[in-house]
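Written below as structure tokens is the structure these notes are about.
FYI, the numbering just counts along the sequence from 1.
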Amino acid sequence: MEIEEIHDHTRIQEESLTNTTSEVIETYGESKRNYLVPPEDVDSIEVDGSQKLTEEGIDDFIRKEHLAASEGNNANIDSKYTPQLGMEFQTKDQAQHFFNFYAYLAGFETAVAHVFRTASRKRNNEVTKVTVKCNKFGKEEQPKTTEQQGAAADKEIGKKKVVFKEVGDIWKIIRLDLEHNHELQPGQREQQFSGHKYMTDLEKTLIRTLNDSNIPTRKMISILSYLRGGPTALPVKKKDVSNFRTKINREVRGSDMTKVLDSFRVKKTEDPTFFYKFELDEENKVKNIFWRDGSTLRYYADYGDCVSFDTTYMTNRYRLPFAPFVGITGHAQTCIFGCAFLHDETTTTFKWVFETFLEAMGGKHPKTIITDQDKAMKAAIEDVFPNTRHRNCLFHIKTKCYSKNIKIFAAKEGLYEEFEDIVNNCVTEEEFEGLWGKMIEERELQNNKYFTKMWETRKRFIPVYYKKDFFPFIQTTSRKYQRIIEAIDRAENLEDHYSSQKKPKELLFGYMFEKQAHELYNRNVYKKFQIQLKATSTMTYQEIEEGKAFEVWQRRNQVHQIQNIRKYTVLTDLTEGKEQFDCICAKFSKDGILCSHVLKIIIEKEISNIPEMYIIDRWRKKEMRMLKQPMGEDTIATSSLLRYNVLSRKSTVLNSKAAKREEATNYLMAEMDRIEAHLNQLLEPPARDQNHNEETANQEIQTQATSVQNEIEDPETATQKGRPELPKRMKTQIEKLNSFYCVQQ
């Protein structure tokens, strides 16, 4: 088996050499016909009717080239692959590749010694002259004997270099010296020389594609090696690919915003419901950008009551905060309503992005919004969204608390569990405030600045203060655009299919209301419902007032005890057909599903079905949704864009079906002509006058983005708030685990 693998490896190397040689001939055959090779020598290139070198031909060339190289520039050069003064090439890459291939056959390694770039702004810092040298230039081989030392003293070190220069539209060899001060190695063709850095056009195109997808360089090398037949067959190294990526990025530098604008205009042409807007400064440099896809308008119409907005992502060249507007779909999955890049984080900038967001969404305000802590953002929200309930991101605040107090949490045993229980599980404001004060006193945290600040701002992020507000299944803004939008659409369609087709193997307990929940809920929401139902098995209850009030709590004989056992009060009206439930935990108000405490009462009172009012339309399967009431906050523009979106999707389905057969295509075309004629009659001037305001409002949104001029400049690199971060040493995996363990303990 090992012998076979060795033979396979040898075969791959031979095939790679043949392919590389073929590429050289095919790439430069035309240029050599035009510039390099005399007409009578062209036929000698071809072997058996193809432009491929044979193994014998290469061996013959190596013997001659070794002799020619050892004799210096005075040798009789008759090889068509040996560089000569005045040779012309169509491009710089062709010139370098020609010399590198000569070096590869002759047996030495090359290096780019100098690159000269033009100072002309019109040519974008392009290379106009390149000097390539032998990698042993200036390094004389150390003599081993006295005779060799004497001979070396009389020998002058050769220059061993070639200079290519752009002259008009061609590249010429303007300087050439092929003398070497070391022994060549023409027989070691399997050796990997770093100077022979050649990438085919297809490989360069592949690298550009991978670069656009942010694939790391090391993974690019793996992909290119696989395509070439293995790492030894790849004539470039990681640094070469990295340099080419730098070249790609240099091509677009200074024109990023122009390309973004062009991309947005193309999308606007393809989808008229696409929206984008720029804000420029006095020097025509981009300050802020906002955009949203056409499909997100539908999501916002259905799920725009709760919005998450985050500015903590800074992963771009200009350090502009990336700020997505995020929501939760009916499958409890993340969806993106729109995105923005912001120049700074001031009240003025936040007001611009919030007002632009409202403009893009037809003026519909969210009912609740969750953001990170920022005074400027808070002021902008109060101004633009006066009736929207605003809270801060609990996740960010807790993370910051742990990072600033990691030694305290590690030193004070049980503080972590107590802190998490108080923050997450308190059911009344009074309970939270009492337990917090007790924790601060017993743990001696009165002088801790961050705990003091958390207390002062508690009403902005502690869940108990927001338990009656609708924030479904989110405590954080950290939930993450063309690929993302498409992925969201695919995921939603897939979940619609799963929810309607897939059934659980068996119900947890076999209750009738459990079967009802499965039939009505989307799959992911049903899983969350099952978590609450499963929790009822560890609970007990007490009826305080018959049919009106109950207490539910965790049993004390559980292996996994919670920090504090709380009694949850559930108020009820058990009149048959009019059942109502109200739990002090307010999970239904926040997440839209019944809590385990209410489900416990339903089980114990043997209620067969969950009242319809407690299965909200948002979480239902599409076919199970109740008739929607008209949304009072929808504006004229929103309605028009939504109708366009619905019609576009419907027509796309019909077009796809009709395109399969010619008679079907002709039929649909005829029907479209008929429909168009009827529409023209329907939209006669009276009807158009009636809808004049709607069309005007829609037109303003559609043409808003095109007001940006073509000649815009890239933004300045933004300055982050606060003190710049100091360089941080990368932690080892063991250190990370130890830190996490300390926090947990």
Kindly give the heavy-atom pair with the smallest separation between [X] and [Y], and that separation in Å.
{"X": "Asn288", "Y": "Trp352", "answer": "CB-CZ3, 3.4 Å"}
{"X": "Thr311", "Y": "Glu345", "answer": "OG1-OE1, 3.2 Å"}
{"X": "Phe98", "Y": "Met87", "answer": "CE2-SD, 3.8 Å"}
{"X": "Phe275", "Y": "Ala360", "answer": "CD2-CB, 3.5 Å"}
{"X": "Leu261", "Y": "Phe278", "answer": "CD1-CE1, 3.8 Å"}
{"X": "Phe164", "Y": "Val132", "answer": "CE1-CG2, 4.1 Å"}

_Show, in sequence, the C-alpha distance, side-chain angles and deciding distance for Gln84 and Ile173, and conclude whether the side chain to side chain contact (heavy atoms under 4.5 Å, CB included) test is met._
CA-CA 7 Å; Gln84 301 181 45; Ile173 297 180; over 6 Å; no
Let me confirm one number: the [atom1]-[atom2] distance from [X] to [Y], rounded to the nearest 0.5 Å.
{"X": "Phe337", "Y": "Ser295", "atom1": "CZ", "atom2": "OG", "answer": "11.0 Å"}
{"X": "Ile170", "Y": "Thr91", "atom1": "CD1", "atom2": "OG1", "answer": "12.0 Å"}
{"X": "Lys204", "Y": "Lys247", "atom1": "NZ", "atom2": "NZ", "answer": "5.5 Å"}
{"X": "His343", "Y": "Asp281", "atom1": "NE2", "atom2": "CG", "answer": "7.5 Å"}
{"X": "Thr349", "Y": "Glu279", "atom1": "OG1", "atom2": "CD", "answer": "6.5 Å"}
{"X": "Gln94", "Y": "His97", "atom1": "CD", "atom2": "NE2", "answer": "10.0 Å"}

*Residue Lys239 excluded, over 12 heavy atoms near NZ under 6.0 Å*: no
*Could you tell me whether Arg175 atom CZ has more than 12 heavy atoms of other residues or ligands within 6.0 Å of it?*
no
*Could you please spell out the steps behind the side chain to side chain contact (heavy atoms under 4.5 Å, CB included) verdict for Val112 and Thr131?*
CA-CA 6 Å; Val112 177; Thr131 300; over 6 Å; no
Under 3.5 Å, which donor-acceptor pairs link side chains of residues 216-223 to any protein atom two or more places apart or in another chain?
residue, atom, partner, partner atom, Å
Thr217, OG1, Arg245, NH1, 3.0
Ser222, OG, Arg218, O, 3.2

_Audit row: Ile207, Leu224, side chain to side chain contact (heavy atoms under 4.5 Å, CB included) steps and yes/no_ = CA-CA 9 Å; Ile207 292 175; Leu224 294 173; 3.9 Å; yes
*Tell me whether the centres of the aromatic rings in Phe322 and Phe341 are closer together than 6.0 Å.*
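Yes, they do, as the ring centres are separated by less than 6.0 Å.
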Could you tell me whether the side chain of [Y] reaches within less than 4.5 Å of the side chain of [X], counting heavy atoms only?
{"X": "Glu88", "Y": "Lys172", "answer": "yes"}
{"X": "Lys129", "Y": "Ile174", "answer": "yes"}
{"X": "Val286", "Y": "Leu280", "answer": "yes"}

*With under 30° as parallel and over 60° as perpendicular, where do the rings of Phe325 and Phe309 fit, or are they tilted in between?*
tilted
*Could you label the plane-to-plane angle of the Phe274 and Tyr276 rings as parallel, tilted or perpendicular, counting under 30° as parallel and over 60° as perpendicular?*
tilted
*asked:* For a side chain to side chain contact (heavy atoms under 4.5 Å, CB included) check, start with the C-alpha distance between Lys267 and Asp293, then their side-chain angles and the critical distance, and finish with the verdict.
replied: CA-CA 9 Å; Lys267 288 185 67 66; Asp293 234 64; 3.5 Å; yes
